[in-house]
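Here is the naming used below: chain letters follow the sequence lines, and residue numbers restart at 1 for every chain.
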2 protein chains.
Amino acid sequence: MEINIKEVLRDYKERELNEELIEALKDAARKCRLWALTMTTAAKSGHIGGSLSSMEMYLLIYGLANLTPQNARSTDRDHVVISHGHTSPGAYAALAYYGFIDAEEVMALFRKGGSPFPGHVEREVPGIDWSSGNLGQGLAAGVGFALAKKAKKSKDHVFVLMGDGEQVKGQVAEARRVAVKNALDNITVLVDWNDIQISGKLEEVMPFNIVSLWEADGWKVYEADGHDFASIYRVVRQAMEDDLPSVVLCRTTMGKGVSFMEGTPDFHGKAASEEQYKKAVMELGGTPELLDRAKVSRIQMAGKKTIESLRKDFGVFVELGKPRTYLPDVKTDCRSAFGEALMDIGLANYKIPGRTPILVFDCDLAGSVKVNGFAKSCPDWFFEMGIQEHATATVAGAASCGGVVSVWADFGVFGLTEVYNQQRLNDINETNLKLILTHIGLDVGEDGKTHQCIDYIGLMRNMFGWKLVLPADPNQTDRVVRWAIGSHGNVCVAMGRSKVPVITKEDGTCYYDEEYEFEYGKSDLLRDGTDGAILCCGHMVYRAIEAWEKLKAKGISVKIFNVSAPLAIDKATIEEATKTGLVVTYEDHHWRSGLGSIVAEKMLELGCVSKFVKLGVHRYGDSGTAEEVISLMGLSPDNLVEVIESNLK
Amino acid sequence: MEINIKEVLRDYKERELNEELIEALKDAARKCRLWALTMTTAAKSGHIGGSLSSMEMYLLIYGLANLTPQNARSTDRDHVVISHGHTSPGAYAALAYYGFIDAEEVMALFRKGGSPFPGHVEREVPGIDWSSGNLGQGLAAGVGFALAKKAKKSKDHVFVLMGDGEQVKGQVAEARRVAVKNALDNITVLVDWNDIQISGKLEEVMPFNIVSLWEADGWKVYEADGHDFASIYRVVRQAMEDDLPSVVLCRTTMGKGVSFMEGTPDFHGKAASEEQYKKAVMELGGTPELLDRAKVSRIQMAGKKTIESLRKDFGVFVELGKPRTYLPDVKTDCRSAFGEALMDIGLANYKIPGRTPILVFDCDLAGSVKVNGFAKSCPDWFFEMGIQEHATATVAGAASCGGVVSVWADFGVFGLTEVYNQQRLNDINETNLKLILTHIGLDVGEDGKTHQCIDYIGLMRNMFGWKLVLPADPNQTDRVVRWAIGSHGNVCVAMGRSKVPVITKEDGTCYYDEEYEFEYGKSDLLRDGTDGAILCCGHMVYRAIEAWEKLKAKGISVKIFNVSAPLAIDKATIEEATKTGLVVTYEDHHWRSGLGSIVAEKMLELGCVSKFVKLGVHRYGDSGTAEEVISLMGLSPDNLVEVIESNLK
């Protein structure tokens, strides 16, 4: 009779696996190899070579981890991150073995359009904690989960399984350093060291010394025989007891178990043909009947989506504190208003039982992005990551899937432009990250074009889940930051560097006053008029008001809309604006991909046609003060006045 | 009398600097420190601390390098890359000392909007070989120059100057490995090891072992006293003789030379006030009169742009071979047509005297992106970079500024999405990179959403210089690839994974036949009609033709435009399309940021209004065959037929 490996391992205290467990695991491995082979041949694609070489690692770790079909949907348990996501057949086979998913179903539906078993592991599948496939990202995700566990005072463990080819990706080294700096003794990494990547042997493709790399960053390095359960278990157990982050290099054979797949890159990214499959199955003591069944089911089960999505609210509970109101005589920058709001929220929750930890990440710019106050008030929740933006994006994203709220504040070019793909992967993983971008647009001080983030809308437009908000002044910033931290999902709040005046009504009182509540997607009519409409956001808003005053003095009256959420601009705003006969978008964003582009598209879609002018950034900017740079780009209030006057002629 | 340091060093053979040189350099350093202080205080901003700590490194390297005001505009000379671009005051002072630029001018105009002296070093300034400032990129740029020199059989040398805080950035480690793999004995790196970054001491911000990191990747590591010219010279000379890439860790003091700036992060990113300036100048034996002059000139010289731009054609000479024509009975993929054209061009130029080397870069996907043929035919021009896309983007970009043509082929998500900022920096540097993206859109095989590059237009739209072309079939691919390699500037050619039919005229002959010449920005009317117009590109074109046939059978006639260069869509196409009364854009790109968005904007701008429908990707895609995934997204030819029919009702 088969023993229940997970049940036995749960209470297993020995340092060595007993014979019974070893035999059971070996039998499981044989079975899982057949399943992995079957699903790839049925799908006519998939990465079988690495799946076979990782099989013992998968079975042992998923057997050992406090991660079960029952607790997979909570965050209070062990986490397992698979970084070499292309070895999904191996992972799915092991998950099927332990009852997370159904073996027959995955063999039939692997890589089938619309099915729940994609080609690279994805978070919808129970037991998969991070959607990966873009290599070199998984360690940072694991570090994120481990930080979240520490913040939650949890004793649970994080396992990360990696390939060897991806070791050279820079983000891996960044993540290693974060783990060591934070003394993460709750993370254990296993590397499938089969020495082969798609293009050949590691030392031919890109030579590196795997042991030296991990040791140079301060990790404890172990080696194990990756096809010997006793060896992996012994070493992993020892590694888990370390007070350092540790890695187990598992010596393996690519394509293990199938003679003609062993030690060759040929089956790295290719399935066995049916002919080859028969031979392989025979070597593993199975029968090809598995494949016949899978092929039939592949047609019969088409379109079946049996897995309930894992995507959901993470059960965050944070107190958002009392909003601050900045009076019209105050001139401060939105960054500072963010910093104050963040500190308020931090203090309202720090070390209070039952509250969700709020982890704040910084990449060596704490003073500029104004997280210093939080860092001082809530030191255990503050993480200085150094100049390592790629790892930071992923660490912060994954941590938020581990049951904390993540806040990362950085310059626009670093928090988004440099790590666009990491933010895309956070979107795919439906994380709960609050990304605060400062120094956006041309408002970066004198740093010049390399530091000017003129693409924050253009980048966010390419994704599906991110919300983007550009507050116009410190009051709106305060409300938006509290709203962002309190609401679920990925939210980006973007702002410039300079001091801006408080936006007021015509009577001189605060526009965003104590009564104001932020509503995502709602634009605000700040000034009324009939000759035209200016649509703008962020630090261009007060400039638009300056222009409005000048136009007024000339007898020209225009509307000003603060479009604080350009990705979700409302129909009413477009309609009201076009009714004036002249729509002008005014932004220090790339003129081709920003607010102007969105408004143009919406106008056409809604059939709201009027004269339309886009004012935006039409070349890389200069190095100078914000006012100089904005003027040289033709974006000063005077430029705006001129454009409106000339279009009314 | 001052000696001319560069002239003396040119013929200097000794292993130790003589006293005269040391004294001259010391005097230069004192002068340059005053200049750097003056320019930052005059600008009221700038990174003075690191400029003072790097000063001896700058003076020695710019003194030693075969890089002069006379040869700075050629590529046949030594190259100097500054990675810590924020220390521009130090670099500019040294360049002024050696006559590259004028000291009075830079002191007056540093960080002045519209002036030629930006806050981070930029390539317009003679002596600056790479615009940097986003940290961690410079080593890869240096490696690119060094590879170009090797390919050109040049004996010239590359120097890279780096900060210490940026050592932890992952891209640095990637670049190190590329240097070692290629045995680059022509690169010497100097690190300004002052132990302080913006947020504090290195070990507080993000601990790392600098020696171990370089050694782990196989570099030879030296140490020098970074404020002692004799020490730096001695060690750099020795390092240059190594047959390994080598790094000189220069022990320095942040803010060196000004008592109150030494050893503190306070002046990392801040200029001295005028009060502090006076004290600093006194310590350095100067007078504050320098600043008075600079302040006056800052106003008088405003708007002065005295430097001729370095941006220009690199004098490339390559033979483009004879175009291949694929007949209508052939079904192949555009990737293979690219691979064939690339191999043709390679063979037509390889090892032929006078021809510009063509360097082809791959990130462990040579078989999939079809550069294997080139790799076999032209092995010395082929570079396997491993899974290190960030370094690859910068290496390839910089190499092309060193007088070669760079071609990098990769999946869309890796060659653009993952390295968007590196491609932006290549744009800013006006490199000559040919970026071939395969597996774009939903046509990636079964890899699923993490591998679907649905943002190639949305990303390219955010930049100014990149050209983007999507060929519709193997014939157009062939012509586009030859055109791209032969023309100047950054060009991206994007294509799917699957086999596509040859696009034909209605009479069944090749549309892109032997007579065809590609013209950037010109759309092609593939099919005529009167009831509507389909605008599409790439692998959606043949699907549009399928739909056209089906519509024809139903008595509906539409135009099909192949918009191969969506960023440069022509007015005539928009006008002709809208005249039909129904414009449908058809793409497997994000529906919010791709061709549809561009067309909508153009329509509004040109006042060409008609019914308008966008068909595109409106959620992350499935994992399945291309046909499955495209159908599930509602983008099959049948879907297109339905949409057109329903809009004609």
Side-chain angles (χ1 to χ4, degrees), chain A residues 45 111-114 118-120 133-135 165-166 168-171 173-174 177 181 197-199 205-208 212-213 216 364 366 384 386-388 390 417-418 420-421 428 446-450 455 458 461-462 464 590 592-593 597 600-601 603-604 609 612 620 622-624 628-629 632, chain B residues 45 111-114 118-120 133-135 165-166 168-171 173-174 177 181 197-199 205-208 212-213 216 364 366 384 386-388 390 417-418 420-421 428 446-450 455 458 461-462 464 590 592-593 597 600-601 603-604 609 612 619 622-624 628-629 632:
Chain A
S45 78
R111 289 182 160 228
K112 171 98 185 148
H120 291 71
N134 290 189
L135 291 168
E166 64 174 321
V168 296
K169 188 89 178 150
Q171 189 176 328
E174 295 180 359
R177 290 185 278 269
K181 182 183 180 192
Q197 56 193 114
I198 291 186
S199 303
V205 176
M206 182 50 61
F208 65 99
S212 302
L213 289 186
D364 197 25
E384 177 50 70
I387 305 168
Q388 305 191 129
H390 290 97
T417 308
E418 170 79 356
Y420 165 72
N421 192 40
I428 284 177
E446 292 85 348
D447 284 338
K449 61 183 83 156
T450 57
D455 46 17
R461 271 174 98 182
N462 294 311
F464 294 101
H590 195 299
R592 213 154 54 174
S593 59
S597 164
E601 213 175 316
M603 283 172 67
L604 193 76
V609 178
F612 172 65
Y620 290 112
D622 293 88
S623 163
E628 277 176 340
V629 176
L632 286 163
Chain B
S45 78
R111 289 182 160 228
K112 171 99 185 150
H120 291 71
N134 290 190
L135 291 168
E166 64 175 320
V168 296
K169 188 91 177 149
Q171 189 175 329
E174 295 180 359
R177 290 186 278 270
K181 183 185 179 192
Q197 55 192 114
I198 291 187
S199 304
V205 176
M206 182 50 61
F208 64 99
S212 302
L213 289 187
D364 197 24
E384 178 51 70
I387 305 168
Q388 305 191 128
H390 290 97
T417 308
E418 170 79 357
Y420 165 72
N421 192 38
I428 284 177
E446 292 85 349
D447 285 339
K449 60 183 85 158
T450 57
D455 47 16
R461 270 174 98 181
N462 294 312
F464 295 101
H590 196 301
R592 213 154 54 175
S593 59
S597 163
E601 213 176 316
M603 284 172 66
L604 194 76
V609 178
F612 172 65
R619 60 171 174 83
D622 293 272
S623 163
E628 278 176 341
V629 177
L632 287 163

Exercise. Pick whichever of Leu632(B), Val609(B), Leu213(B) has the most heavy-atom pairs under 4.5 Å with chain A.
Key: Leu213(B)

Quiz item: In terms of heavy-atom pairs under 4.5 Å with chain B, which of Gly119(A), Gly624(A), Ser623(A), Gly386(A) leads?
Solution: Ser623(A)

Practice problem: Quick one: which of Asp364(B), Asp447(B), Ile387(B) has the most heavy-atom pairs under 4.5 Å with chain A, could you say? | Solution: Asp364(B)

Quiz item: Is Glu174(B) reaching over with its side chain to a backbone N or O of Gly170(A), donor-acceptor style, under 3.5 angstrom?
Solution: yes

Quiz item: If you count heavy-atom pairs under 4.5 Å with chain B, which of Ala173(A), Ser45(A), Gly448(A), Ala366(A) comes out on top?
Solution: Ser45(A)

Quiz item: Which heavy-atom pair separates Arg177(A) from Pro207(B) by the least distance, and what is that distance?
Solution: CD-O, 4.2 Å

Quiz item: With sequence neighbours excluded, what pairs up with Glu628(A) under the salt bridge (Lys or Arg N to Asp or Glu O under 4.0 Å) test?
Solution: Lys112(B)

Quiz item: If you tally heavy-atom pairs under 4.5 Å against chain B, which of His120(A), Glu384(A), Glu166(A), Met603(A) wins?
Solution: His120(A)

Quiz item: Atom CD of Gln171(B) and atom CD of Gln171(A): how far apart are they, to the nearest 0.5 Å?
Solution: 12.5 Å

Quiz prompt | Sequence-distant partners of Phe612(A), ring-ring contact (aromatic ring centres under 6.0 Å, His included), two or more places apart | solution = none

Quiz item: In terms of heavy-atom pairs under 4.5 Å, which option from Asp455(A), Thr450(A), Val629(A) contacts chain B the most?
Solution: Thr450(A)

Exercise. Return the orientation label for the Phe464(B) and His590(A) ring planes: parallel under 30°, perpendicular over 60°, tilted otherwise.
Key: parallel

Quiz item: Under a 4.5 Å heavy-atom cut-off, does chain A meet the side chain of Val205(B), its backbone, both or neither?
Solution: both

Practice problem: Give a yes or no on whether the backbone of Ser593(B) and the side-chain of Arg461(A) come within a donor-acceptor separation of less than 3.5 Å. | Solution: no

Self-check item: Trace of the side chain to side chain donor-acceptor pair (under 3.5 Å) decision for Thr417(A) with Asn421(B)
Solution: CA-CA 6 Å; Thr417(A) 308; Asn421(B) 192 38; 5.4 Å; no

Practice problem: Find the one option among Ile198(A), Leu604(A), Val168(A) whose heavy-atom pairs under 4.5 Å with chain B are most numerous. | Solution: Val168(A)

